[in-house]
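For reference, the structure discussed in these notes is given below.
Being a predicted model, the structure only gives us computed values, none of them experimental. Per chain, numbering begins at 1; letters A, B, ... match sequence-line order.
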Number of protein chains: 4
Amino acid sequence: MTHAREILDTHPGTVGLDAAALVECIEACFDCAQSCSACADACLGEEEVSQLRRCITMCLNCSDVCATTGRIVSRQTDFEPAMARTALQACAEACRLCGEECEHHGREMNMEHCRVCAEACRRCEEACSQALSSIGG
Amino acid sequence: MTHAREILDTHPGTVGLDAAALVECIEACFDCAQSCSACADACLGEEEVSQLRRCITMCLNCSDVCATTGRIVSRQTDFEPAMARTALQACAEACRLCGEECEHHGREMNMEHCRVCAEACRRCEEACSQALSSIGG
Amino acid sequence: MTHAREILDTHPGTVGLDAAALVECIEACFDCAQSCSACADACLGEEEVSQLRRCITMCLNCSDVCATTGRIVSRQTDFEPAMARTALQACAEACRLCGEECEHHGREMNMEHCRVCAEACRRCEEACSQALSSIGG
Amino acid sequence: MTHAREILDTHPGTVGLDAAALVECIEACFDCAQSCSACADACLGEEEVSQLRRCITMCLNCSDVCATTGRIVSRQTDFEPAMARTALQACAEACRLCGEECEHHGREMNMEHCRVCAEACRRCEEACSQALSSIGG
């Protein structure tokens, strides 16, 4: 349960993109920011940590980009489409790269946290793409 | 829907505090980080923005503290209770201060986004207090 | 004085882009993240806050993007050019948009903090462009 | 070179604590946020990464706390001493814990990036303590 929808519905201004796509994008970004931080940490705790370096770096980067993008699209006062567009593009790309890396370890190394994290990444990549479409990006 | 519980359950190590309290704390921190960013933005869009300065500053500060605390407690590899304790204390205090400010504007100025944000703050303050108890803080 | 150069020089691996361009980019990103947070706050304290809404939103967004990009380019273990490229593009664009907005208020409204913040934005936009060139972006 | 002092000097309001202590604290927080991100990354690239798990977790936590604290003290509009106090206490503690861990690896394992990072941590711990004194914390 999050409060994203309720706060958006009480915003004094008009919203710069489709509200349903926006709420899903906000929630997916914050969820993915958390999942990627947690997956980087779980990878660090694995015995085979030295084989998970790329995955850890990807997760740390993706977590930062998702947190930033979730905040940017949450800001609807004087919403600037050019700003949202470049952030959403970076976020979709970060999620694609991190999702592929995590999926690979989930399958090849049986890393369950990577498999779950890949799910969060794919959901977020999709939500960013939808939000991009709704602002003409 | 978040992936916090699933990733925690697949962590290779042992978890440094009660798992249910931890998941609630993680989810409350990320939700409150989002709510406070969105409430600061909604306040900025209000006609009476000049009366909402303290609320905006509180929300920006609380959003940052919640995002940081949500990440810190998500990290369970070589979990250090002293680190978690000081972060959770700061987060509970930030949520208390921001929640009081938002509740005030929700009631006195009929700001619905402030009323919703106060809910997110109180949930997070409570979750941080519970997590603190579970690590003996 | 920062420790960016010293830590980079002691990194166990090879660095994925020109080291001088990288250090300047890291320092410019962290400086701009701070300047934009401080300028948003100073704008909020101005009597004419209602005319500075767009500037505040731009500064908050730019601060988040710069902090994230500064961290991403600081990570050189398993450096992924595609990740750095999309982050640097978003950062250059955020700095361009925010720098233009701040410069405008610095000139038209005599807002000194906006004038200084525009300087930090332009420096960071330039540093991101240089870093992009050095990774072929 | 940072723009922290210049923006602070042009703030429309009064500053809630000693200006010199504040600028040093802001700069030390952002420098330490960067150093800790870079040191976590350098540790991850070391052959002995499995012996550096605690150091990586400490650095990631410290980086987040420093970035958040640097922003909170940068916000001087409706400055709330209780908020600054709890953030500065968390930051001083994070820097103390991370600085000790890094210093240990710098000495025992000849990790130069840890030695440099310990310097950034100690500077930031000291700056937070000074800022705390100046607000009566």
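When all heavy atoms of A:Ala19 and A:Arg5 are compared, the closest pair comes out as CB-NH2, 4.0 Å. The shortest non-hydrogen separation linking B:Glu101 to B:Cys55 is CG-CA, 3.7 Å. The two residues B:Ser50 and B:Arg53 come nearest to each other via the heavy atoms O-NH1, 3.2 Å. The shortest non-hydrogen separation linking B:Ala87 to B:Thr69 is O-OG1, 3.5 Å.
The OG atom of B:Ser74 sits 9.0 Å away from the CD1 atom of B:Ile7 when rounded to the nearest 0.5 Å. To the nearest 0.5 angstrom, A:Leu17 atom CG is 6.0 Å from A:Ile135 atom CD1. Rounded to the nearest 0.5 angstrom, A:Arg54 CZ and A:Cys59 SG are separated by 11.0 Å.
Within residues 102-120 of chain B, the residues having any heavy atom closer than 4.5 Å to a heavy atom of chain A are B:Glu112, B:His113, B:Arg115, B:Val116, B:Cys117, B:Glu119, B:Ala120, listed by residue number. Within residues 29-45 of chain B, the residues that have a heavy atom under 4.5 Å from a heavy atom of chain A are B:Phe30, B:Asp31, B:Ala33, B:Gln34, B:Ser35, B:Ser37, B:Ala38, B:Cys39, B:Asp41, B:Ala42, B:Leu44, B:Gly45, listed by number.
Between the B:Thr86 side chain and the B:Ala82 main chain, no donor and acceptor come within less than 3.5 Å of each other.
Residue A:Gln76 touches chain B through both its backbone and its side chain, counting heavy-atom pairs closer than 4.5 Å.
Taking chain B as the reference chain and counting heavy-atom pairs below 4.5 Å, the highest number among A:Arg75, A:Glu47, A:Arg71, A:Glu6 is found for A:Arg71. Your options are A:Ser63, A:Gly70, A:Gly13, and the one with the most heavy-atom pairs under 4.5 Å with chain B is A:Ser63. When the candidates B:Glu27, B:His3, B:Glu46 are compared by the number of heavy-atom contacts under 4.5 Å with chain A, B:His3 comes out ahead.
The only option from A:Leu88, A:Asp18, A:Leu132 that meets the side chain to side chain contact (heavy atoms under 4.5 Å, CB included) definition with A:Cys25 turns out to be A:Leu88.
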Checklist entry - Can A:Cys124 and A:Cys66 be said to form a side chain to side chain contact (heavy atoms under 4.5 Å, CB included), step by step? => result CA-CA 8 Å; A:Cys124 192; A:Cys66 287; 4.0 Å; yes

Checklist entry - After noting the C-alpha distance and the side-chain angles of B:Gln89 and B:Glu93, does the key distance pass the side chain to side chain donor-acceptor pair (under 3.5 Å) rule? => result CA-CA 6 Å; B:Gln89 283 165 345; B:Glu93 176 72 348; over 6 Å; no

